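A note on names: the letters A, B, ... follow the listed sequences, proteins ahead of strands, and every chain is numbered from 1. This structure is a prediction, so every number in the text was calculated from the model and none was measured.
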Amino acid sequence: MSKHLQAIRGMHDILPERIALWHCVEDTARQVLAGYGYAEIRTPLVEVTDLFKRSIGEVTDIVEKEMYSFDDRNGDSLSLRPEGTASCVRAAIEHGLLVQPQRLWYRGPMFRYERPQRGRYRQFHQIGVEAFGLAGPDIDLELILLTARLWRLLGLSGFRLEINSLGDADERLAYREQLIAYLASHADQLDADSLKRLHTNPLRVLDSKHPQTQQIVAGAPSLMDHLGEETRTHFERICRGLDDAGVAYRVNPRLVRGLDYYNRTVFEWITDDLGAQGTVCAGGRYDGLVEQLGGRSTPAVGFAMGLERLIELLELAGHTSEPPLDAYLVAVGEPAQAAAPLLAERLRDAVPALRLLTHSGGGSFKSQFKRADKSGARYALVLGETELERGVIGVKHLREEGEQRELGFDELAAFLRMPG
RNA sequence: GUGGACGUAGCUCAGUCGGUAGAGCGCAGGAUUGUGAUUCCUGUGGUCGUGGGUUCGAUCCCCAUCGUCCACCCCA
């Protein structure tokens, strides 16, 4: 690029030619979420840094090295949000929303200082969904079914669903001890990263990609065996529900998530079509987080999906946008040009849904028709000297065969209301 | 943060074993002074990412830097 001014690394402009795909995902998601009774919430992009430290976890990569943090003029440390759950929980506590069950969703940009890669950006967009105050497995199931419906409506297939249960806090603690003991006995065979995590975040070693570490992990004690009766039943009921709903899934006992606040259910929707960043949607239960952030103990489940990743999949699937315009108004000659704006206004009054672009800048019939064609409009509306004299508007089909016709205003309005 | 590939026209790319660059598409105009998309003709196109070094001379070689892409890591 020869320009000296350019967008910040890993942060991308979304250009008009691609915006239709964003609308498609956003509108479909909004429609699905409304259908399940979820309400949208919007929170600031910036929060006190401490909020993320206390929720995501001090020793996670996100908090340790990926946050955009800065001091404001008061000397308070603030951060661009790296994810949405923490803000959502903070807002819910702050406004007393948690006195009753709440189903909330949000969307917007998130920021993480990572090395950009396919499907991974420094500013990226998520839609997140959170359900508060509901402890039963039915709500975990509802969230997963909701996502499955969304994929269906978007025409996306080929995802696989992986689920796991991390157990309650005490179950996990007991397992953690055993896992550390096991891993420590094989310490000499672990890769450096896993060795570092052995005592800080041993569960993360389970989903290491390192081949040799994976071999060790294969022989590790299973988290599933450490689940208590209640946790196990909770998990089984989700699996049963998925079976009954006909949603295929795979229990992956090595699925853990990178954020500290998860307990019990975790799940991921994964695709093989995006290279290394295959997780399209992920989430889980976080029953302890609300209390941890100063609220009353409140069970909660949620997930987030990456919009850039979904949109790239839609592009791969060959999604194209609809022709955006119904009509393009061609006006040649001074009197016609003077009359065109008023004609356009009257048409918009008469046909509120009409998508009409009026030519601007004058020019010959030829050049205006070229514009009309490129605009993608279905019809050209023609206003020239002759039409003006006769009090009619020419209507020409740009996308199909058909004679150019001359219609009076009322006829034209009727035609544009019910074209074709 | 680590490793690798790559930055040439608005876009996709070619090219110069070092002598300041081409194609296709696009865009503008014309063939048709009231009709687009097809066809034909003409025109428009670039500080060869940026900065420095070597050289008589650098888009090409060297170094740095910024950016893109891929993988690791991590995650949506």
Just N and O in the side chain of Q117(A): are any of them under 4.0 Å from OP1 or OP2 of A71(B)?
yes
A76(B) phosphate, OP1 or OP2, under 4.0 Å from R107(A) side-chain N/O:
no
Closest of C73(B), C75(B), C69(B) to the K209(A) side chain is C73(B)
Result for 5'-nearest mapping on RNA chain B, choosing between R257(A) and K366(A), is K366(A)
From C-beta outward on F365(A), which listed nucleotide comes closest to its side chain: C69(B), U35(B), C70(B)?
U35(B)
Given the options L143(A), L104(A), T85(A), L150(A), V129(A) meets side chain to side chain contact (heavy atoms under 4.5 Å, CB included) only with L143(A)
Between C72(B), U2(B), G67(B), which one does the side chain of R9(A) approach most closely?
G67(B)
Can you identify which nucleotide, out of C75(B), U35(B), G36(B), has its nearest atom closest to the K370(A) side chain?
G36(B)
Specify the residue among I8(A) and W269(A) whose closest nucleotide of RNA chain B lies further upstream toward the 5′ end.
I8(A)
Check the phosphate of G36(B) against R399(A), side-chain N and O only, distance under 4.0 Å to OP1 or OP2. Yes or no?
no
Expressed in whole Å, how much space separates the C1' atoms belonging to C11(B) and G51(B)?
27 Å
Residues R378(A) and Y328(A): side-chain donor-acceptor under 3.5 angstrom:
no
Choosing from C73(B), U35(B), G67(B), which nucleotide comes nearest the side chain of F369(A)?
U35(B)
Closest nucleotide among A28(B), U35(B), C69(B) to the K374(A) side chain:
A28(B)
